Structures are given as structure tokens and as C-alpha cells.
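Below: the structure, in C-alpha cells.
Atoms within each ligand, like the ligands themselves, are counted from 1 in listed order. What you are looking at is a predicted structure, and each value in this text was computed from that prediction instead of being measured.
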Amino acid sequence: MEYQSTRSTQTASPREAVLRGIAPDGGLYLLPHMEALSFDWQACLKQNFLGAANEILSALLPDIGGMEDLVRRAYTGRFETPEIAPLVPVGEDYVLELFHGPTAAFKDVALSMLPQLLSAARAQTGDSAETAILTATSGDTGKAALEGFRDIPGTQILVFYPSEGVSPIQQAQMVTQEGRNVTVCAVRGNFDDCQRGVKEAFAALPREALRRAGVELSSANSINIGRLAPQIPYYFTAYRALLDRGAVGLGDPVDFVVPTGNFGDILAGYLAKALGLPVGRLICASNSNRVLTDFLTTGRYDSRRPFLKTSSPSMDILVSSNLERLLFLASGGDSAAVAGWMDRLGKQGAYEVPKGVLARIQEDFSAYFCDEAQTTATIGEVWRAHRYLIDPHTAVAFSAARQDRQARKSRGPRVILSTASAFKFPEPVLRGLGAEAEGDAFDQMDALASLTGQPVPGSLAGLREKPRLHRDCIGREEIVPYIRKRLGLEDAV
Ligand SMILES: *Cc1c(COP(=O)(O)O)cnc(C)c1O
């Protein structure tokens, strides 16, 4: 079984795909015919989270051995809830809570698993090179990756975040990170600048030269299939929880509403569907950076627009990497076409797909956006109606869910993915609840706890006192030289 690049006919074994992160031609690795796998989705629905993760990852990454152990090691003792991702009823919908991990955001689910997959793949290929993980973050990936990779033997992790683009709590989480193998660096620019810099590093540091220096680069972003695949299991466990409650019958399609930035989380839902899960529509929720809403309704992707900073910073993205995988699948595996669109995106900032491709995408996806005023209002409305506290990213999804009900007059239970704890973004949440946001972010976190009677998550509670260990801040054009220097490659590559 071979993974294929989205931009050419280059292939890689599952292990290689995980180790490389991105294909040498700049494309993303994908299994071209996932629906052809003999995967027993109904058996998978009988499993709990760990069991489902084991079955799905074993099917998608069959050459990585000992998966059951890897899964157990990844999740045991790291999440505050035994279910990992509990499903809770809120009004007529259900919320899939993905934020009970060590950094209080959904990226913990995948980034607890990825280090295990990488270490195993490396050990099992007999590879002695050190893996250097390069990560661009809009806020949540960075911390979750740092937690996942800290002190994992044979790895180093380098995280780049936009200096003005993350919330104060997110920044505090990253600059206080401990661990012998971690580097955290601010970049004067936005997330897209960070992501571009990291992608440039993959191109600028050729693999062969790196190997001679004993280093292999990889990525913790959802461009890595080893990061994307561990996001599939919670679609299965959410469906299973609906079955257990009698909310749906086996085979009934269920819509999922996903707050979206880099298109990884929602693409995992599409891959769950390819594995057989009865997913209905995937509803893509964007904030004011509505580039995906526009694309999914018109077929024209145009990143040439102002980059807006919103209260849901993890979704402030104008170039959504994983859309490339959807384009590949929806165009019937036309890697030449995908390479052309990505080339145009790089050079001109925009591209347009043919009507047939758009139509195929629209069979599965709907899209809505939610501006800042609506986001704040939604936080207040959901709290008043249900005494349920949501963060701004989740609020964007609630707004999209409501818009979709009105637009399609749809019925039936839906699952709204909740991607972060409200305590990570206390300022906009307090405003949403109609309260004053005074003092610094830590004061606001405490104010939110006393206003709502809900506890601050353990991982955020001690942050104020932790020493700031990482102070580097560089320009966006310095990312590649900085990486060279940190990895000791100045002479080698
Ligand atoms: C990363 C993130 C998202 C967006 O997920 P993608 O996979 O990038 O689409 C949404 N909400 C939160 C809180 C996040 O951290």
C-alpha cells in the first residue's frame, strides 16, 4: 500500500509518508483509494476511543507495527476525561468536546499520537537520523506539539508562531515550555508567513544533504498524514455515542459542523466517510477570514485579501493546506491539475477549479462564516440558553450550525466539534457573556471561573507563575537561516 503525493505520481510507504511529512515535490501524501481498503467500519463503531484509534491507524499505516501499544502510550494519563472526546447534548445538537487534553485544545488528540508514530516509524526503518520537527502554529498546534514531543528521544521540535497573532494564554503556554529538545521562536508576521517559512525550509534544505548531517526534517502540522489520521477516530466515537443514546440508528447520516482553519479537522471527517462512516454533510465554519466559505460556494480560491485578526486566532488562515488533499480526491486524483492550482496559488495568490470539481465537493460540504460581532453574541446566547460555555472557535461553529439549519431546513441530530476550552480565550468569552474583561489574561481567566462557576483547566491554572524560557523573535525571511543555525547545519547544508 503506497501513499501518493497530491502533486505528482511520486509515492511513499506509510512509514516514509509519516517520516517525511511533506512530499519532495511539495505535495501532501494521501491514499488515493481509501474506500477500497477492506475496513470494517461497523466493527470499529463497537470500540472505545483507543480501540477505534488502533483499528483506524492500523488500517491506514499498516507498516507501523505495535499500534495498540503506541495508542495506549499516546493517550494514557494525558486527558482529563476517560472517553478522550466526550459527546454532550446541548439544545437540539451534540457537542464533541475535543479540548480535555494537556493544552486545552483539540490538537492534543492528534499531537499525542504523532510522536509515537514518528518514533516507531524511525525505529522500525532502522533509521538513525534525528528527526527535527518543524512547526508553524496559529496558536494551538505549537503548544500541543511541544507537549507531545518534549524529551522524546531522537527528536527535536522547533515551533514558529506569529508574534502578534496568538492569544496571550497561547503565547504564555509556548514561551514557558520546558524540555531539552524544544525551540520556540516568534516571527514578525502572521500565520501564513510562519507556514511559508517552514515550507521553504523543506525546499531549501535538501534531504540528501540533511541525511549526511544525520538529520531528517518532518512536520507536526496537519500536512503530515501521521497528524491527520489520528483525527479520524473521534468521528467514529461521536457516531457511536449517538447510537448509544438512541439518537440515531445504524446507517443514519449525521452532519458534522467543524470550526475550520487549515482544513485538517474537517478533512479527517471526509476520510472517516471514505472509510464507511455514515457522515452526512460536513459543514465548514470560518471566521471573518472567509476564504474557505468563498471557495466552497464559488470554486474560486483567492487568498489576496486582508488578513484579519479575530478572536478565534487558530482559524486566522488564508492558505488552508489540507484543501489540497480534497482537491486531489474531488478531481479524481488529477495530480497535474492540483500541481497547477497550487502553482497558481503560490505565484498569483488565487486559482479556480472547474465546475465539475466544485460540484463534487459540494455533494459533501457546506460552508458558512461568522463575523466578530456574531461570534461574541453566540457565546452569550449559548450560555444563556443552555448554561454551556463555549470558546470563540466553537462559537463560530455554533453560528454556522444555526445558519445551516435555516438554509437547508435540515433535521436530525448534528455534531458540533468544540475545539478549545473557553479559558484559553477569556477576554472575548467574558465580553460575550456581557462582563467586563479587566486586568491581564490570567485575571480574566479567574473572572471567567467565578462568573460561570466552572473550574480553570488544570493545565492553564499554573501558567502565570512559570518562567519565560523562550524569547527569540525574528523576521519572516530569517526562518530558514534560523533553522539552519539551530540544527547546526550551517556548514553541512
Ligand atoms: C487548529 C484549530 C482549529 C482549526 O482546525 P484545522 O484543522 O486547522 O482546520 C479550530 N479551532 C481551534 C481551537 C484550533 O486550535
Taking atom types as modelled, is there a side-chain donor on Q173 or D140 under 3.5 Å from an acceptor on the other? no

Parallel, tilted or perpendicular, judged at 30° and 60°: which one describes the rings of W341 and Y351? parallel

For a quick check under 3.5 Å, do D316 and N289 share a side-chain donor-acceptor pair by atom type? yes

Taking the inter-plane angle between the rings of Y270 and F365 on a 0 to 90° scale, is it parallel (under 30°), tilted (30 to 60°) or perpendicular (over 60°)? tilted

Do you see a donor-acceptor pair shorter than 3.5 Å between the side chains of S335 and R7? no

Using only heavy-atom distances, determine whether the side chains of T135 and T137 contain a donor-acceptor pair under 3.5 Å. no

Using heavy atoms and a cut-off under 4.0 Å, could you grab the residues that are in contact with ligand 1, chain by chain, numbers ascending? F106, K107, D140, P259, T260, G261, N262, F263, G264, D265, S314, M315, H393, T419, A420

